[in-house]
Structure formats: structure tokens, C-alpha cells
Number of protein chains: 2
Amino acid sequence: MTMPLKTVFYNIERAIKEYRKFSQRNLNKVQKEITVDQALILNVLNDQPERSQKELADLLYKDNAAMTRMVEGMVRKGLLTKDEDPSDRRKARLTVTSKGDAVLKSITPVILNNREVALKGITDEEIGLLVQLLQKIVRNIIQP
Amino acid sequence: MTMPLKTVFYNIERAIKEYRKFSQRNLNKVQKEITVDQALILNVLNDQPERSQKELADLLYKDNAAMTRMVEGMVRKGLLTKDEDPSDRRKARLTVTSKGDAVLKSITPVILNNREVALKGITDEEIGLLVQLLQKIVRNIIQP
DNA sequence: TGTGTTTTATTGATATATCAATTATATTTG
DNA sequence: CAAATATAATTGATATATCAATAAAACACA
């Protein structure tokens, strides 16, 4: 078999893993106690406070079980509170605490800078093409 | 903050996660007992039997601890054996068993087909560009 | 209305990821 | 050579991922 480690998929995996490490390193400089995914959750809930765990899981590409445990951890850290949604008692209503809000404010510039640095020297056109190709791959393989 | 979930990085992550799921689904059709990463390890060791755990970890983008435990699992399943490397007793010498070899043979066509299906309708030129852009991102962010 | 189906979230089991500390061996270099 | 340093692998602690099974609530509709 041809070496799988030089394929396009290897490069895709490599890029996203390096980007996650890079992002985490930079987050740690201003905020030791938060992960990249936790930052994403805070960000989504800040913009869209009505999101359920299920919706967060879909947005972040996790499954329900993983999201349950991530939220659990964030509640434990005091970043979120969790209540029953009065309109649908199956759902949880998650709220960003003032601590969560402060953390989010402190890391937002870091996140924006991360993206900028990572994409330095790449034109908008190239980014568009990159996204287009990735979406084509996804369309080729998603389940019918 | 602008929505992080529509960025290029979201699309990169999405593509690799979908590809891993797709690959695993197809592997499971012929071989229930193996994961994508285990298949990669068998493949590398088959081509390059002298690879140490450290080298495997680097190739597969894992850390040493993760590799120790993956190898442990594969030895438990009878896919590999593990001995001391006589020339450097810190290292382990991993050997693909006949069972591991049979498994590898049965999944090789699946792996090749996975790549083909995922890249259908994408030209070599586009693939080259995709890889080039991903490598540029990596160069932008790797630690000095 | 009530029965079956779907949705949301949780839990348990197991595998994997990550970081720090440790052990054993090899290598470097003063 | 001996001491310091580097490397390979392991272990423990903790976080996450994944799958299957379950519970509770909501929904569909005959």
C-alpha cells in the first residue's frame, strides 16, 4: 500500500492538530483554565444563549455524551450554570456566568489573533478554494 | 467575536472527522476489531519494521504515552508482538504477527477505496493546492 | 385519549489524548 | 572516565471520545 502518511488526509489532520496545539498554547498564556473547545462553547452560548446541549454538540462536532461531560466540567469550574428549560423539560438551559463572561472577554482577542497568524500570507481566494475543496470531500463521504 | 464555527478551521476539522468516521464505517464492514489508527500502525510497521514507538507516535501525530497504550492494545489483540530492541534497550521492537498481517491484507483495499471515494471529482492539481495551503498554515503556526 | 415514536440528556464501559513525573538506557562532553 | 544531558518508554491522573443502553419528556396520530 502506498504510504498513508503523506496523503492529503495526513496533511488535513496535521493542520488541524497543529492549529489546536497552537491555539491552546496561546490561550494558556492568558487563561490557564480553559480549553479550545470550552472557549468555543462559551462563545456560542454568548451569541446564542438558547442553544441546547444537543445543538452545541452538533455545532462542535461532538456527541451528546461528550457534551454532557464537557458541560459538567464547565459547571464545576464555574463557567456555566445549568437549569431545566421550562419550555421543554428534556432540555438544559445553559447560562454563561460572570466568571465565564470574564474569561471569554480575556480570550477573544487571542482567538482572533490565532486565526490571523495561522492564515498569514494566504489570500481570501485561496481560503475560499480550501474551504470549497474540504466541503467537496465531506459531500463525497457523508452518509446517505 | 465572529462565529468560529464557520471558519476555515471548522471546515478542516469537519473534513477530517467525517473522513475518520467514513473510514471506520468501511473498515468495520470487513474487520470489526480494528481502528483506523491501528490500521495505520500495521501499515507502517509492514513497510518499515524497524520503527520505534517514538517514531510511530511522531508519524501518527500522537504522543508517546498514547502510543504505549495503543501498542499495548494491539499486542493484547494479537496483532503485534513486542520485544526489546537488542541494539538499543530503551527501544521496543514491534513485529506484525501473522494475524496482524492477515488483517492488514483484508483492509488494504478498503483503505485505498476510501481515499478514492473521498477525493472523487477533485483533480490532482486541486489536491496539490489543498496540501500546499495546509502546509502553509502549519508553517505559520509551528513552534520556533 | 392512549400508544408508539422521537428527542434530549445521562450513565457505564472502554479507548484514547495529554501532561507531568519517573525509570532505564544512551549519548555528550568537560 | 564521570557527570550531566538527552532519549525511549512507562505510569498515573485527568479529560475526552465513542458506543450502547436507559430514562424522561415531548410529539404524532389513529
Side-chain angles (χ1 to χ4, degrees), chain A residues 13-14 16-25 27-28 32-41 45 50-77 79-94 143, chain B residues 13-14 16-25 27-28 32-41 45 50-77 79-94 143:
Chain A
E13 178 130 30
R14 178 159 186 248
I16 198 61
K17 287 199 171 177
E18 286 293 358
Y19 182 68
R20 279 189 165 266
K21 278 186 200 171
F22 166 76
S23 300
Q24 190 65 62
R25 275 200 308 275
L27 280 186
N28 286 346
K32 305 274 177 207
E33 291 293 316
I34 197 167
T35 67
V36 170
D37 285 323
Q38 289 172 356
L40 288 173
I41 291 174
L45 286 175
E50 74 290 353
R51 289 298 188 197
S52 67
Q53 289 187 192
K54 173 85 174 73
E55 290 169 325
L56 285 174
D58 291 344
L59 283 169
L60 271 84
Y61 242 80
K62 319 253 168 230
D63 87 344
N64 287 353
M67 189 52 63
T68 292
R69 280 147 184 155
M70 286 185 65
V71 166
E72 218 171 82
M74 292 177 74
V75 169
R76 213 181 316 121
K77 284 187 191 172
L79 300 170
L80 296 179
T81 58
K82 177 170 183 171
D83 307 283
E84 225 174 43
D85 182 330
S87 76
D88 183 342
R89 295 175 46 226
R90 291 170 304 183
K91 293 187 182 174
R93 222 167 33 83
L94 304 173
Q143 217 159 10
Chain B
E13 177 131 31
R14 177 160 187 244
I16 197 62
K17 286 200 170 176
E18 287 291 359
Y19 182 68
R20 281 190 163 264
K21 278 186 199 170
F22 166 76
S23 300
Q24 190 64 62
R25 276 201 306 276
L27 280 186
N28 287 344
K32 305 272 177 208
E33 292 294 317
I34 198 167
T35 67
V36 171
D37 284 325
Q38 288 172 356
L40 288 173
I41 291 173
L45 286 174
E50 75 291 353
R51 290 297 188 199
S52 68
Q53 289 187 190
K54 173 84 173 76
E55 289 168 327
L56 285 174
D58 292 342
L59 283 169
L60 272 84
Y61 244 80
K62 319 252 169 230
D63 88 345
N64 288 353
M67 189 52 63
T68 293
R69 280 147 183 156
M70 286 186 65
V71 165
E72 218 170 83
M74 293 178 74
V75 169
R76 215 181 314 120
K77 285 186 189 173
L79 300 170
L80 297 179
T81 59
K82 177 171 184 172
D83 307 283
E84 225 175 45
D85 181 330
S87 77
D88 184 341
R89 294 173 49 220
R90 291 170 304 182
K91 294 187 182 174
R93 224 168 32 84
L94 303 173
Q143 216 159 10

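Note on naming: letters A, B, ... go to the chains in the order of the sequence lines (proteins, then strands), and numbering restarts at 1 for each one.
Phosphate proximity of D/dT10 to B/Q53: present, with a side-chain N or O under 4.0 Å from OP1 or OP2. Distances shown here put a side-chain N or O of A/T68 below 4.0 Å from the OP1 or OP2 atom of C/dT10. Dashed line: the shortest gap from a side-chain N or O of B/T35 to OP1 or OP2 of C/dA15 is not under 4.0 Å.
Nearest-nucleotide positions on DNA chain C place A/V71 closer to the 5' end than the other of A/K21 and A/V71.
Closest to the B/N64 side chain, of the nucleotides D/dA9, D/dG12, D/dA25, is D/dA9. Listed nucleotides: D/dA9, C/dT8, D/dT18. Nearest to the side chain of B/K82: D/dA9. Comparing atom distances between the B/D63 side chain and each of D/dT18, C/dT18, C/dT16 picks out C/dT18 as nearest. Residue A/R90 has its side chain nearest to D/dA25 when only D/dA25, D/dT18, D/dA8 are considered. Residue B/A65 places its side chain closer to D/dT11 than to any other of D/dT11, C/dA9, D/dT16.
Protein atom CE of B/M67 is 14 Å distant from nucleotide atom C1' of C/dT18, rounded to whole Å. If you take CD1 of A/I41 and P of D/dT16, they are 9 Å apart, rounded to a whole angstrom. When the P atom of C/dT27 is taken as reference, atom NZ of B/K54 falls 16 Å away, rounded to whole Å.
If you check the side chains of B/K77 and B/Q38, you find a donor sitting under 3.5 Å from an acceptor.
Each end of the helix from C/dT1-D/dA30 to C/dG30-D/dC1 gets its own axis from five base pairs, and the two axes differ in direction by 20°, given to 10 degrees.
Under 4.0 Å is where a charged nitrogen must lie from a carboxylate oxygen, and between A/D85 and A/R89 no such pair does.
Here A/Q38 lies in heavy-atom contact (under 4.0 Å) with sugar-phosphate atoms only.
If you take NZ on A/K17 and CZ on A/R14, they are separated by 12.5 Å, rounding to the nearest 0.5 Å. Rounding to the nearest 0.5 Å gives a distance of 9.5 Å between CG of A/L45 and CZ of A/R51. Here the CE atom belonging to B/M70 is positioned 8.5 Å from the CG atom belonging to B/L40, to the nearest 0.5 angstrom.
On a pure distance criterion of 3.5 Å, a polar donor-acceptor pair joins the side chain of B/R69 and the base of C/dT18.
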Q: Give the C-alpha distance, both sets of side-chain angles, the deciding distance and a yes or no for side-chain hydrogen bond (donor to acceptor under 3.5 Å, both in side chains) between A/E13 and B/Y19.
A: CA-CA 10 Å; A/E13 178 130 30; B/Y19 182 68; over 6 Å; no

